[in-house]
Amino acid sequence: MNMYDNPDTVAHSFDENYLSPYLIQAQWAEFVALKEVIYELADRLQHPIRILDIGVGSGRIIQNLHDIPEIWQYVAHYTGTDNAVLCLDLASKMVNDLGINDKVTLLNLDAVALHQLTETYDLIMTTWFTAGNFYPDDFDFKSYSRAASKLDLTINSKFTTIFSQAYRLLAPQGEIVLGACYKDNDATRMKQELSYQKMGMTIITSPQDSFTATQERFWSQRFTREKLYAYMPFVGQQQFAFKDLDTYEYAMQVRIKK
């Protein structure tokens, strides 16, 4: 069971009535920054680009891109993966309603199985803080709040596995983009906690953790530049670029060039 298998949780996650102002504004800041990436890549490569979206969710990004023809024209094909059927159902309905099945492919695929894909992509991305959702398979949501020791995230093998596979799927001169990542600081932690509480969830983590988790199986990590460097040892530090999505140290976009 993953965090998006509960219908109520899915509904609250995509309903602005349940989202904090910080999340709503980060969502739009992320999209503005993503449009710039798509334009820059297509301009540099001199052709429309192939996109792989890891954790496509409700398909919000697809719809937003489609609604702006000046950007949608730069997308040759868009492949979205997710392992949550409820999210894929929402995205599939949206794609069908828009009549863009010829340009969009949706796959029920866990991120750790990206090696099953045979295509290459100019842009591989995650959006809406998905890069922070990759928690260890043995994480115990039921008893973590009572655990004597805290989870050491010096290493996150799942994150490294997923993005090492993604890097291999990149076409020459392609990029991985982590559309929005939480910055690791105490103010952001408190904003995360308030966001989950507004969705009706119960926090099980403490200030000592570098991630926030809930009884409802939501899990989202905060990052520093140094941690991302450590998680992607297959990429040189000079290949990273960081862009703040606000002025209050809440979220950042991360670009990794091949």
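Numbering of residues begins at 1 and proceeds along the displayed sequence.
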I'd like to know if the side chain of [X] and the backbone of [Y] have a donor-acceptor N/O pair within less than 3.5 Å.
X: Q197; Y: I203; answer: no
X: K103; Y: V75; answer: yes
X: Q215; Y: M201; answer: no
X: D209; Y: S206; answer: yes
X: Q165; Y: L114; answer: yes
X: S143; Y: R146; answer: no
X: T105; Y: T79; answer: no
X: D110; Y: A113; answer: no
X: E30; Y: W128; answer: yes
X: T160; Y: Y231; answer: yes

- Message: Below 30° counts as parallel, above 60° as perpendicular, anything between as tilted: where do the rings of W219 and Y135 land?
- Response: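 Taking Y135 first and then W219, their aromatic rings sit tilted (interplane angle of 30° to 60°).
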
- Message: Does the plane of the ring in H66 sit parallel, tilted or perpendicular to the ring in W72? Use 30° and 60° as the thresholds.
- Response: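 The arrangement is perpendicular - the two ring planes meet at more than 60°.
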
Nearest 0.5 Å, what's the [atom1]-[atom2] distance between [X] and [Y]?
X: I162; Y: F134; atom1: CD1; atom2: CZ; value: 4.0 Å
X: K227; Y: R222; atom1: NZ; atom2: CZ; value: 9.5 Å
X: I124; Y: R168; atom1: CD1; atom2: CZ; value: 11.0 Å
X: I49; Y: Y121; atom1: CD1; atom2: OH; value: 13.0 Å

Give the cluster check for [X] versus [Y]: same hydrophobic cluster or not, with ILVMFWY residues linked at side-chain heavy-atom distances below 4.5 Å.
X: L23; Y: L194; answer: no
X: L228; Y: I155; answer: no
X: M190; Y: M252; answer: no

- Taking only residues two or more places apart in sequence or in another chain, which ones pass side-chain contact (heavy atoms from CB on, under 4.5 Å) with A251?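 Testing A251 for side-chain contact (heavy atoms from CB on, under 4.5 Å), a comparison that skips the adjacent residues, returns F129, L245, D246.
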
- Task: Quick one: list whatever passes side-chain contact (heavy atoms from CB on, under 4.5 Å) with K191, sequence neighbours left out.
- Result: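 Scan of K191 (side-chain contact (heavy atoms from CB on, under 4.5 Å), adjacent residues dropped) gives Y22, A187, Y250.
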
- Heavy-atom closest pair, residues Q173 and L41: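 Scanning both residues completely, I find the closest heavy atoms to be O-CD2, 3.8 Å.
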
- Of the options D67, I62, I61, which is the one that meets L65 in a side chain to side chain contact (heavy atoms under 4.5 Å, CB included)?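 With L65 as partner, D67, I62, I61 yield a single side chain to side chain contact (heavy atoms under 4.5 Å, CB included), made by I61.
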
Residues [X], [Y]: salt bridge by 4.0 Å N-O rule:
X: K183; Y: D244; result: yes
X: D97; Y: K93; result: yes
X: R255; Y: E36; result: no

- Query: Hey, would you say the F234 and Y167 ring centroids sit under 6.0 Å apart?
  - Reply: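 Centroid distance F234-Y167: below 6.0 Å, so yes.
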
Does a side-chain heavy-atom distance below 4.5 Å link [X] with [Y]?
X: T120; Y: L169; answer: no
X: S58; Y: M94; answer: no
X: I256; Y: L178; answer: yes
X: V37; Y: M125; answer: no
X: I38; Y: I51; answer: yes
X: L19; Y: M199; answer: yes
X: N156; Y: F163; answer: no
X: R60; Y: Q27; answer: yes

- Task: Determine whether more than 12 heavy atoms belonging to other residues, nucleotides or ligands lie under 6.0 Å from atom CG of D137.
- Result: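 No, the 6.0 Å shell around CG holds no more than 12 heavy atoms from other groups.
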
- Member of F159, F223, Y144, F218 meeting the ring-ring contact (aromatic ring centres under 6.0 Å, His included) criterion with F211: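 Checked F159, F223, Y144, F218 against F211; only one passes ring-ring contact (aromatic ring centres under 6.0 Å, His included): Y144.
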
- Item | Qualifying ring-ring contact (aromatic ring centres under 6.0 Å, His included) pairs, either residue in residues 89-111, two or more places apart |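 For residues 89-111: none.
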
